[in-house]
Visitor: 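Dropping the structure in here first, questions after.
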Amino acid sequence: MCGRYVGLTEKEIADIIEAVQQVDAEINGPKMALADLDSREVFPGSYAPVVLAEGGKLALRQMFWGFPGYPDRKNPAAKPKLLINAKSETAEMLPTWRDSVALRRCLVPSGGFYEWKRSASPKIKYLFRLPGEKWLWMAAVYKPFAAKDGGIVE
């Protein structure tokens with residue numbers, strides 16, 4: 001996944017809710033609710049909306065963006081960075097991603113995503129959108145983790 005993406009406007013959110021509810025109604029019947037979304041830039045470490053299958057039904061939920069990282073071997077005192085990208089070539093083989101790729105897939109609605117030109121100083125940010133489309137769907141995986149307060153974070 002990208003390192004940052006664009007959230008959605010209230011109108012786009014309403015359109016997504018309607019689309020998800022239509023598909024869900026065709027399969028399961030009941031309507032679903034949505035926590036707040038907006039057109040801000042969404043960063044790793046923030047909560048973001050996802051669509052997933054839950055108990056045989058579609059669910060639209062807020063989830064934390066990023067898997068807990070591993071300690072740096074060269075600098076063990078440094079705070080581990082969040083893991084946000086699974087490479088398609090290795091995700092099914094690596095223990096970090098393997099179970100989630102097989103069992104916990106989801107979709108992330110967005111207004112576009114950013115990539116950077118790193119050779120420039122300062123880095124140049126480029127926004128990618130689908131021409132003629134209001135939003136795009138990004139594939140993702142999730143996994144529950146123990147929070148510092150003893151709760152569960154997905």
Side-chain angles (χ1 to χ4, degrees), residues 1-21 23 32-53 58-149 151-154:
M1 189 159 165
C2 55
R4 191 177 311 165
Y5 69 93
V6 179
L8 303 168
T9 66
E10 287 185 30
K11 171 68 172 110
E12 291 167 334
I13 294 165
D15 290 345
I16 285 179
I17 292 170
E18 183 179 339
V20 170
Q21 287 176 335
V23 170
M32 66 189 76
L34 175 67
D36 71 309
L37 291 169
D38 58 37
S39 58
R40 64 191 162 86
E41 287 187 24
V42 182
F43 295 83
S46 60
Y47 281 83
V50 299
V51 175
L52 59 127
L58 291 178
L60 196 50
R61 297 204 345 227
Q62 294 277 19
M63 296 180 114
F64 182 81
W65 181 8
F67 278 37
Y70 298 102
D72 186 336
R73 291 181 208 154
K74 295 179 183 175
N75 187 5
K79 183 179 177 183
K81 292 183 181 179
L82 289 174
L83 302 175
I84 61 166
N85 285 316
K87 295 180 181 175
S88 62
E89 302 85 25
T90 58
E92 290 180 298
M93 297 178 280
L94 296 174
T96 300
W97 310 108
R98 183 176 36 234
D99 289 348
S100 293
V101 168
L103 304 171
R104 292 178 294 275
R105 299 176 187 196
C106 59
L107 293 171
V108 178
S110 77
F113 65 92
Y114 296 99
E115 291 294 340
W116 287 261
K117 183 174 183 179
R118 298 184 191 280
S119 60
S121 182
K123 294 188 288 188
I124 300 170
K125 180 170 63 171
Y126 293 95
L127 173 60
F128 292 83
R129 294 180 182 246
L130 286 175
E133 299 294 332
K134 293 179 186 178
W135 62 76
L136 61 91
W137 295 92
M138 299 181 290
V141 296
Y142 66 96
K143 182 176 185 175
F145 292 98
K148 291 178 183 178
D149 65 4
I152 300 292
V153 175
E154 287 189 309

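These values consider heavy atoms only, across backbone and side chains, with no hydrogens, waters or symmetry-generated copies. The shown structure was predicted, so the numbers you read here are calculated from the model rather than taken from an experiment. The first residue in the sequence is number 1, and the count goes up from there.
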Visitor: Between atom CD of E41 and atom OG of S110, what is the distance when rounded to the nearest 0.5 Å?
Guide: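 Between atom CD of E41 and atom OG of S110 there are 12.0 Å.
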Visitor: Does the side-chain contact (heavy atoms from CB on, under 4.5 Å) test come out yes or no for L52 and M63, once each step is laid out?
Guide: CA-CA 11 Å; L52 59 127; M63 296 180 114; 3.9 Å; yes
Visitor: Side-chain atoms of residues 96-108: list all donor-acceptor pairs with protein atoms under 3.5 Å, sequence neighbours left out, distances to 0.1 Å.
Guide:
residue, atom, partner, partner atom, Å
T96, OG1, Y70, OH, 2.6
R98, NH1, M93, O, 2.8
S100, OG, R104, NH2, 3.2
S100, OG, Y142, O, 2.9
R104, NE, Y142, O, 2.9
R105, NE, V101, O, 2.5
R105, NH2, V101, O, 3.1

Visitor: What class does the angle between the rings of W135 and W137 fall in, given that below 30° is parallel, 30 to 60° is tilted and above 60° is perpendicular?
Guide: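 Aromatic pair W135/W137 classed perpendicular.
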Visitor: Return yes when atom NZ of K81 has more than 12 non-hydrogen atoms of other residues, nucleotides or ligands closer than 6.0 Å, and no otherwise.
Guide: no
Visitor: Between F145 and F67, does the ring centre distance come in under 6.0 Å?
Guide: yes
Visitor: Passes side-chain contact (heavy atoms from CB on, under 4.5 Å), L136 versus M138? Steps please.
Guide: CA-CA 7 Å; L136 61 91; M138 299 181 290; 3.4 Å; yes
Visitor: CG of L94 to CD of E89: how many Å apart, nearest 0.5 Å?
Guide: 10.5 Å
Visitor: Report the C-alpha distance between V6 and L127 in whole Å, list the side-chain angles of each, state the deciding distance to 0.1 Å, and finish with yes or no for side-chain contact (heavy atoms from CB on, under 4.5 Å).
Guide: CA-CA 9 Å; V6 179; L127 173 60; 3.5 Å; yes
Visitor: What residues form a ring pair (Phe, Tyr, Trp, His ring centres under 6.0 Å) with Y47, not counting sequence neighbours?
Guide: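 Residues passing ring pair (Phe, Tyr, Trp, His ring centres under 6.0 Å) with Y47: F64.
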Visitor: Is there side-chain contact between P109 and P49, with heavy atoms separated by less than 4.5 Å?
Guide: yes
Visitor: From the options V50, I84, L82, select the one residue that forms a side chain to side chain contact (heavy atoms under 4.5 Å, CB included) with W65.
Guide: I84
Visitor: What's the separation between atom NZ in K123 and atom CD in E115, rounded to the nearest 0.5 Å?
Guide: 10.5 Å
Visitor: Taking all non-hydrogen atoms of both residues, which atom of G151 and which atom of D149 are closest, and how far apart?
Guide: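 The pair with the smallest heavy-atom distance is N-OD1, 2.8 Å.
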